[in-house]
Every structure is written in structure tokens, then in C-alpha cells.
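Notes follow once the structure below has been shown.
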Amino acid sequence: MSATDVTDRVIGEDGSLAEYWVPARDARSEEMVVNMGPQHPATHGVLRVAVKTDGEVVLDCEPMIGNLHRCKEKIAENLQYWQFMPYTDRLDYLAAINNEEVYARAVEKLCGIEIPERIQYIRTIVAELGRVSSHVFSVGVYGLDIGAFTPFLYCYRERERANSLFEKLTGGRMLYHYYRVGGVARDLSDEWIQECLEFLDIVEEKMEEYNALTTWNKVFRERTMGVGVLSREKALAYGITGPALRASGVDWDVRRDEPYGLYDRFEWRVPVADGRHGTIGDCWNRHWIRAQELAESIKIVRQAIDKLPPRDPKLTPSSMYQPYVNPNVPRILRGPKDAEVYVRGENPRGELAFYLVSDAKNAPYRCKIRGPAFSNIAVLPEISRGYLIADLVAIIGSIDIVLGEVDR
Amino acid sequence: MTATEIGGLLRERLGDKVLEVHDDALSGWVKVERAAFVDACRLLRDDPRTQMEVLHSLTAVDRIARFEVVVHLCSIAKKHAVALKADTASRDDVAFPSVTSVWPAADWHERETYDMFGVVFEGHPHLRRILLPSDWEGWPLRKDEGNPLEYHGIPGIATIRGLEEAHRAQQAVERAEKYGGAAPAKAAAKPAGGSPPAPGGAPAAPGGAPKAPPMPGGAPKAPPLPGGAPKAPPLPGGAAPKPPGAPTPPKPPSGGGAPPLPPGFKSPPPKGDAS
Amino acid sequence: MNLSELFGAIPGWGYVPAFVQMMVVGLVPAVLVVLAVVTPVGLLGTYAERRWSAFMQDRLGPNRVGLPIWFDGWQRDYTNKPWYIKLWGLVQPLADGIKLLGKEDFVPPGGDKLLFLAAPLIVFAGALGMFVALPLSYGLTAADLNVGIFYLLAVGAVEVIGVLMAGWASNNKWSLLGSMREVAQVVAYEIPMALTALCPVLLAGSLRMGAIIEHQQTAYDLWGLTIGGEGLAQWGLGWNLFRAFPVNVVAIVIFYTCALANLKRAPFDLPESESELVSGFLTEYSGMRWGLFFLGEYAAMFALSGITATLFLGGWGSGPAYGALMLVPVKEIPLGVATLDWRTVAGVVEFSWKTCALFLLMMNLRWTLPRLRLDQVMSLCFKYFVPFSMACLLLSGLAALAGA
């Protein structure tokens, strides 16, 4: 085959596919449709991707979702506001606490409930701890996608520690139901705070190890740099959020740019891909942004623990079965008539948003859940055409989807 | 920029096609006419004062008389956000312009809205179901949507409840035969749900009117509709759904007969015997 | 009393045709040696891999299965009984084997049954065949062929056929993709592997494995400059690694990496990559046929480690352990009918430690590195290894001329 045979060079608008060649039409072999999933280790759950391949080259692919659809929005319409809280855990089940936070904020905004300062600090601590726990897992499991098994187990060891911390606080290792409308389930004990600080020390120390095994590993960089390049324009047009958006060079984080909670009181920075390593928007940058956010979250938790206000005796519940909430929360929550809120929050995988429409009942009239992974995975066909099957696995892994959130 | 300012901006360009501007502490949104929806979207995206680069979410709300399509937009450069709304013509005429040409992100969101509400987005490249299986019938998030009776032989919750009810009635009858007394009167006289034990020895087939059994947990009751028949017929291949004004009888479960009873369930006796 | 005399004692042996006599006399020790080595190697290899990876990953690994020396009724937990020897879980591979034997011998519908059933046998036979010419120690080579290294490389490549058969017969697209990857990868890596294997051959002037080992026992010379005598060479200075000095250092790296690629071990485990191809050609296999692939893999791992040790690290014939053991003033150990040469004992020790070290290095690499992509594997082979191995071959030729 001479060089002139390869006329069908596929180049993205951003030059992303420069190294890859789709064989010219006369050199093409038979096209084959391969089903990746729903039972496939690389699809992180029950995603099914129908891949049209020519040998190993992905000509086109289509994600097919819905295998985990559980009618969450319909359920929300049939439950009282507070009753839906544990259901939000099951959206992004790897960072359940962050889902609860966004939902709690949405309901509180709709019903006009104030949050005492100490509870806000507690919420910041657990939410960022949830981000640490989720990102530790994502960093490790991306190594597994690329073929390195050991960093996954190392990272899982740290996630187990985080799970134990959450278990001590909430009673659940994975799905917590810790947030209440107007507060949280229980106060942080001093002993727990001490253990949390120890855990942060461990993660901070071990992160270098994980980065040596994945981020800075030569083979890992070869596999992920320049693969699955998502340009800034495409990322915005497809509504990508979270680390994937920042890896495309967009400096945007809801925690900083539409501040909620207490994030404007702490010193931290938003890591954004700058093109020093790899191509902006490639798989490696998505992974690296996650690894950096981990360090930032640890910083936030440390500062929040430092500034944690003393216990307010007025808030202290009368018994251990009472939640630790603002005492002014009404017994039955009712939204105002014909009102709606759209509340966004920065989750580990992107922006989770709840759109609640109320009609003066004790249940929402409509509850739309905008999961970040749902929007993020929609871009998969755009950024995987022309790559190899192995790259497709790397791209799916770098987008870091959780099917509970995609299918809701 | 607040929603009021954005609404004013749209009024400059679109005139009285902007129907309503809402801005308060909870939410800010602009409602436009359906015909001007895509133009308004494009304006918001391209105008340097708004720069809505990101379509954050697209969904619909069932307003009984019609569907309200809501698009949540946000601008990363300007750091502001707004919701843009428009109504479908009516509950029956569910055509709506697609905004996939403005933001590719709308693709999956529109498919999901179609999947859940049956709103048909005109101009969408491949409008089909996304979360539900392609042969699913009905639009789950509509307020009048009942529980399906069965799907590929899997009984729906209404069917299961009917079977349970029949089972309970049967037990009551047996109890009455064994111990005597008037116990069965209550059970047999008050069959619950939409599934009375059918006469003639047939097992409880929840045929007839597929009434949605109330979900637990204080749900808002589905309001009465002008159309009458609750269940919308299926949409083959993305065609416009048939208006619910023309009722079609719901598909009888499994081959026209009653669903097979699970083991352990006995056919209830005829109604007359029990009472 | 040698084998010919042993067989001669069989009544009627004289009437057997001479070539059959030769074949039987030649085959019996070969089969005995091979079976005595391959089976423990395969079983211990799986155990070692699981245990070593567990240590690397902060886990325990299989540490429970041991030997009950007395049966005291069925128990829920045997491990705390005094009559149960835990033995660090060493019996785990046997338990696994029993489990695998009990599994259904499944053939996927629509698959090619004959090819599917035959594929693991061919893979295992390829690995088994390598042990025939592998010099384990002095006098412990099943057959010291005069085309030794040529035979080893050829037999090692038989495995490709088995894997291709497995992938094709599985009636599964993922399996097919896996086996195509295997063929592309292994056939490509045969080239630099053979070229670098020729470097020691050029220096020794023979393809016979025994000759290569004997050559490394001779006095070390650096491009014609003789350093030290045979004594020093016996301690390890005579290794091919140090001969033609910088050349063979490069050659052993290339040879060992190619061995990894031929064994489809990580980072070259593309044919069976779990996270991409769902275990590739192994997807449809279960039971003992699946186990045979693994037995073959570990046997081949051991064999290729041994070949690397023989070609570049002196084999059984030179090295620290051999040098030290040769200081012991024992020449022979009488063992009833035969005598055991002391060199055999020293050779076994020397060969074992080197082979096990290389074996361990393979496992370390597997559990550390991520997986390469197919095009990277190919470019590594054709863009770097082939030119470098050709240069190595040329330079070793010059070194052989200078030394001669």
C-alpha cells in the first residue's frame, strides 16, 4: 500500500487525529459492529456502546443508555421533599454525599430555609471529603482502564478509609442519607475530626505514589496524551461540565464562579489545563485535573476544620435520634405556589442541577435532575472517531461516568 | 445580567414575541412564543452581551393544558444564567422546534424530553427514545400517565395489585367456608384498584379502564383532563403522537386473555357466590 | 547402566526396528524431564504470581489452602485445626486444578468445535516443547539439539497458532480481535528476538545451547583483550552479557522485552486485555481448557526466562552460585546405580536462581506497568527493536572476529 492509498485521513477541526489513519476506501476491510457492553469491564457499569469498527479503528460509536433507569424524576413527584433525599444518593453513587448537598440546597432555596453557620461548615467538610473519596477512586480506576491493576487497589485502599470515615459519621459506607433539609443528620465529633485529619494526611502522602504509578508513568502518558481531544468550543457546545470542561481549558467552577455554601471563604484554586503536558482537552489532562482537584479538596477540608465554629447549644438536638438541623424548619415542607428553582452544584463529575417546580404542595410538581455524566457521555462519538478500540476505553474512562447518574 | 435585563434585550429584537419575563429571588426566566424559540436561543448565544454558550439542561413541565419546554442556559464568559421557556400549542399538538442546531448538547436532552413527555422536536436529527426501551408505550412523566399493565409479559404494578386483591378475596372466601361467618362480604364487595375479580371464574384481569393506582407518599393526584382517555398510544418511529382525545382501548395483557396467575394464586370464585 | 541397557533387558527388544529403538530411548528421558519440570513450574507459577501480586498490592493472596494430614470429619474451617498444615497456601494451585476439572467443558454455539477444543492443547504443547532443548543443568538437558536455539524459538512460536485457533473458533468478535492482536504482535516480535538471540550464537559459533554455555565458561575477552582465566569466567565474568561489552547489554534488554511480548504479559498483554477485549481469546474458555492456557503461559514464562539466562547470563555453567559451589571438594555423589555429578547440583542452583529472578521481574513488570496500545507495540518493535537488534548482530559479529 503506497502512501497515496491513505487518502481518507481523518483530522478533527483541532488537528486531534493527526497520528491516526483510517484506511482509504479501497484498502478498507469489512466493517464490523461490536457491542461494548452492557456487560463490559471498561464501561463502568451498564453502558452499552455500539462500535462500528474497521479492524481496530473506531469508525463510529453510539452510547446506548437507559439500562439503569429507575424513574427517579417520577418518584420525586410522588414523594415529599424530604423523602426524596435518600434517592439522590443513588444518582452518582460514587459521590453520594455531593448529590444530597445539591438537592438539599434546592429544597432550602425553594422553601426559604436558613442554614446555621456550623452546619454549613459541616456540609462543606463532608462534601469535599466526598469529592476526595470520589476522585481517589476515579484516579485509581482510570489506571485500571489503561491496564495497570495495582494503582487501582492502592487507591481503593484509601477509598475504603474514606468509606469507614463516612460510616462512622452517617452509618452508611456508600449511600449515606446524611443531609436533612435545613441541616444534617448529626454533628461532627471531635474524635471524628481527628480521624479525618489523619486520613487527609495519608491521602496527601500517597497521592505522589499514585501519580508516579499513573499520571507520570511513561506508558500511561503515551496511552492518554493526545487521545480523545475535546476542544474548548466542542466542550462548551456539548454542555460538558466538571473536570472534563476544565481539562479543555475552560476556567469554570461553580463553587468559585457562582459561589454557594462557604466556598468563597477558603483559599483554593481551580485547576485548569494549560497545555504544559499533552494536548489541552486530552484524556491525560482530564485525569490530571482530577488528581489536582483532589489536593485542592484536601486543602478546603483542612481550612473548614480549622474555622469550624463552636457548637451552638440552641442547635444541639434533644436526643440522638433527632437530626442536627435548623430548629425553624417546618414540620411539613411546602413550596410556594407556582415557583421554581434551578440549583446547580459542582459535583466530582460535573455540575449536578435540580430543577424543582412547586405548586404549594408538599411534593414537587416537577423535579428534573440534570446529571453531569448524562451530558458528558453524549460527546463520546464526537471525540472517539478515528481512534483505536483501546483508545475508546481510555476515553470512556477519562470522561468518568457513573451510570446511576446517566440513567437516573 | 439579570433575567429582567435579558428579557429586555430579547424584547428589543423580538418585540411582542416575548410573552413574559419573570425575575425574583428564586428564579429568572423569559417566556417566548414557540415560533420565536430558536431565534431567541440563537440571539442569546450570539449576542456579545449575553453569550449563552452552554445549554445546561432542557426539559419540559406538564402544565395539563400544554407542555412547557424549559431551557436552562448559562454563560461562562459573563457568569450569568437564565431559563428560556415556550409552550407547545396544546396537549395534543406537541410539536416543538428543536434547538440542536444551536447547541449540539440539546440532542440527548431533547431525546429524553421526547421519551418522557412525548414532545416532538421538529428538526431533531434522530428523535427516538433514549432511556426507555424503543418499544415502550406511553410517556411516563405526563401527569395522566398510569402504570403500564404489562411489558413483554412482565406484569405492571396495577396487574400485580389486581392479582393480590384477587388472592385476598379468595382467602377471605376460604376462611368463610372454613369458619363460617360473614367475613368475605367485605373483601368481595370492595375490590380495590381497577381490577375487580372478573365474573365467570376468570382470574383478575385488570382490564377495562386502566386507572392509575395511587402511588404511596402523598402524591399530587392527577388532575382530570379534558381528553378523557388517559393513556397515549405508542409512537411508531417518531411520528406525532395520536391525540389522547381519540381513545384506543389499552392492549389486553398477554394474548387477549387474562395474565397467567403465579403459582399459589387461585382463581377467585364468581362474584355472586361470595356475596 | 544406561537407558539402552535398561531397554535391552525387555524381552524381544532386539526385534524392534533400530529407528524405533532410538526414538524410544531418546524420548523417554525427554518426556520424564519435561513432565517433572513443567508441571511443578506451571502450578507454582500461578501460585507465585498470585502471591507476589498480592504482596505488591497490599493484599494477602492465597494463604489458606494447605494439607490436612488427618481427616476429622467435615469442618466449617479447617485452618485452625492442629492436623491441618497451612503451608502458606501452596496447595492452592492443586485446589484450583480440581475446581477447573469439575467445570463444564463449554463450547460456544456457532463456534468451530474441533479448533476450539484443540487450541489449548496446541498452546500447551508449544510451551512443553521448549523444555526439550532447555539446558537445566550439566547432563540435565532432555535433548541438546545441534539447532537448539533455532528449535526453541520455532517451538515457542507454535503458541500463536493455538491462540489464533482459539480466537477464531470462539465465535466471538472480542476473541477474534484478541487473537488477531496476538498474531500481529508475536510474529512481529519474533524478528528482533531471533536477531538478538543470534548475538551469543555468533560469539559461541554454534546454535547448540550446550556450546553457548561452554563458551561462557571460557576466559573472558573484551574485543580481543583476554581478562582473567577460566576460573574468573566461572564466577560470572564469562557471561555473554559482558562479552562484546556494550552490545549484549542492549541485546539482553531487547531479547527479554521481546520475550515478554511473546508471552503476552503486561505491558504487552493486548491479546487478553481484560479492560478492553474482555480477556480476548480467553473469553469463551472455561474449565481445564482455560487452565491449560495458563499452565502453558507459566511454563513458557519459565522457559523463556531460562533461555534468557542461558544465552546471556551463563546458563547453569557460570555465575556466583556455580563458582562458589565448585569450591566444594566433591566431584561425584554416588546414588546407588548411578552417580550424580557435582556439576549437576551446582548447575541446578545456578540456573534456578537466575531463572527465578527473571521470572520475578516479569511479574513485577506486569503488576506495575499499564498496557501499551497496539500501534505503540508495533512501533516499538519495528522502529526501535529491529534496527537496534540488527546493529547488535553486526557488532557481535565484529566482536567474534576480534576475539577469534
Side-chain angles (χ1 to χ4, degrees), chain A residues 63-69 71 73-75 77-80 83-84 109-110 112 233-241 245 250-252 254 257-258 332 335-336 339-342 344 351 353 355-359 361-366 368-371 374-375 377-379 382 406-408, chain B residues 22 24-29 45 51-63 68 70 72-77 79-83 85 102-109 111-113 115-116 126 129-134 136 140-143 145 147 214-221:
Chain A
M64 298 185 178
I65 61 172
N67 287 298
L68 204 60
H69 181 56
C71 325
E73 296 175 5
K74 189 81 176 174
I75 289 170
E77 289 174 17
N78 289 294
L79 292 179
Q80 295 188 28
Q83 284 179 319
F84 189 60
K109 188 177 176 188
L110 190 69
E233 292 70 32
K234 212 176 260 179
L236 289 175
Y238 272 87
I240 308 295
T241 48
L245 180 69
V250 183
D251 192 1
W252 175 260
V254 188
D257 296 319
E258 277 183 11
I332 294 174
E340 59 179 61
V341 287
Y342 188 74
R344 311 192 264 170
E351 286 172 29
Y355 175 53
L356 295 178
V357 182
S358 94
D359 61 343
K361 295 244 174 61
N362 56 1
Y365 183 72
R366 166 95 175 95
K368 155 84 181 173
I369 304 161
R370 188 263 186 208
F374 179 78
S375 294
I377 192 66
V379 83
E382 284 292 319
V406 176
D407 296 343
R408 299 188 297 281
Chain B
H22 178 94
D24 63 9
L26 290 183
S27 59
W29 47 265
R45 188 194 63 178
Q51 284 192 27
M52 299 289 186
E53 309 116 319
V54 176
L55 177 135
H56 211 258
S57 142
L58 185 150
T59 186
V61 181
D62 187 353
R63 296 292 187 189
E68 186 182 74
V70 190
H72 287 96
L73 308 173
C74 83
S75 166
I76 283 182
K79 299 191 180 177
H80 57 217
V82 76
K85 297 183 173 184
V102 189
W103 295 281
D107 182 343
W108 277 31
H109 287 283
R111 276 176 68 187
E112 192 197 333
T113 309
D115 198 355
M116 294 294 158
H126 43 268
R129 292 205 182 264
I130 183 166
L131 289 175
L132 302 181
S134 53
W136 188 266
L141 278 180
R142 287 188 178 185
K143 288 287 177 188
E145 178 75 10
N147 286 312
M215 293 281 277
K221 287 275 168 7

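A, B, ... follow the sequence lines: proteins, then strands. Residue 1 opens every chain.
- Heavy-atom distances place both the backbone and the side chain of A:Ala237 under 4.5 Å from chain B.
- Interatomic distance, B:Leu132 CG to A:Asp407 CG, rounded to the nearest 0.5 Å: 10.5 Å.
- For the options B:His22, B:His80, B:Arg45, B:Lys85, heavy-atom pairs under 4.5 Å to chain A are most numerous at B:Lys85.
- Atoms CG and OG, from A:Leu356 and B:Ser27 in turn, are 11.0 Å apart once rounded to the nearest 0.5 Å.
- Contact of B:Arg111 with chain A is made through the side chain alone, with heavy-atom distances under 4.5 Å.
- The greatest number of non-hydrogen atom pairs below 4.5 Å with chain B, out of A:Gly66, A:Gly239, A:Pro336, is found for A:Gly66.
- Interatomic distance, A:Glu351 CD to B:Ser57 OG, rounded to the nearest 0.5 Å: 11.5 Å.
- From B:His109, atom NE2 reaches atom NZ of A:Lys368 across 6.0 Å, with rounding to the nearest 0.5 Å.
- Options A:Val341, A:Thr241, A:Val379 differ in how many heavy-atom pairs under 4.5 Å they form with chain B, and the most are formed by A:Val341.
- For B:Val102, no part sits under 4.5 Å from any heavy atom of chain A, backbone or side chain.
- At a 4.5 Å heavy-atom cutoff, A:Leu68 makes no contact with chain B through either its backbone or its side chain.
- Relative orientation of the A:Tyr355 and B:His72 rings is perpendicular, given thresholds of 30° and 60° on the angle between their planes.
- Here the OG-NE2 distance, from A:Ser375 to B:His56, works out to 7.5 Å after rounding to the nearest 0.5 Å.
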Original post:
Going through the distances and angles, do B:Thr59 and A:Arg370 end up as a side-chain contact (heavy atoms from CB on, under 4.5 Å)?
Top reply: CA-CA 9 Å; B:Thr59 186; A:Arg370 188 263 186 208; over 6 Å; no
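- The part of A:Val250 that comes within reach of chain B is its side chain, from C-beta onward, which places non-hydrogen atoms under 4.5 angstrom from that chain.
- Between A:Lys74 and B:Leu141, some side-chain heavy-atom pair lies under the 4.5 Å cut-off.
- Contacts of B:Ala25 with chain A are made by backbone atoms alone, with heavy-atom separations under 4.5 Å and no side-chain atom involved.
- Looking at A:Leu245 and B:Ile76, their side chains come closer than 4.5 Å, going by heavy atoms from C-beta outward.
- Only the backbone of B:Ser75 comes within contact range of chain A, with heavy atoms under 4.5 Å apart.
- Residue A:Tyr342 holds its OH atom at 8.0 Å from SG of B:Cys74, rounded to the nearest 0.5 Å.
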**OP:** Report the C-alpha separation of A:Arg408 and B:Glu112 in whole Å, then their side-chain angles, then the decisive distance to 0.1 Å, and conclude whether the salt bridge (Lys or Arg N to Asp or Glu O under 4.0 Å) test is met.
**Re:** CA-CA 11 Å; A:Arg408 299 188 297 281; B:Glu112 192 197 333; 2.4 Å; yes
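- In this structure, the portion of B:Pro140 lying under 4.5 Å from any heavy atom of chain A is its backbone and not its side chain.
- A salt bridge between A:Arg366 and B:Glu68 is absent, with no side-chain N of the basic residue lying under 4.0 Å from a carboxylate O of the acidic one.
- In terms of heavy-atom pairs under 4.5 angstrom with chain A, the leader among B:Asp24, B:Val54, B:Leu58, B:Leu55 is B:Val54.
- Checked by atom type and distance alone, the side chain of B:Lys143 pairs as donor or acceptor with a backbone atom of A:Tyr365 at under 3.5 Å.
- Heavy atoms of A:Lys109 lying under 4.5 Å from chain B belong to its backbone as well as its side chain.
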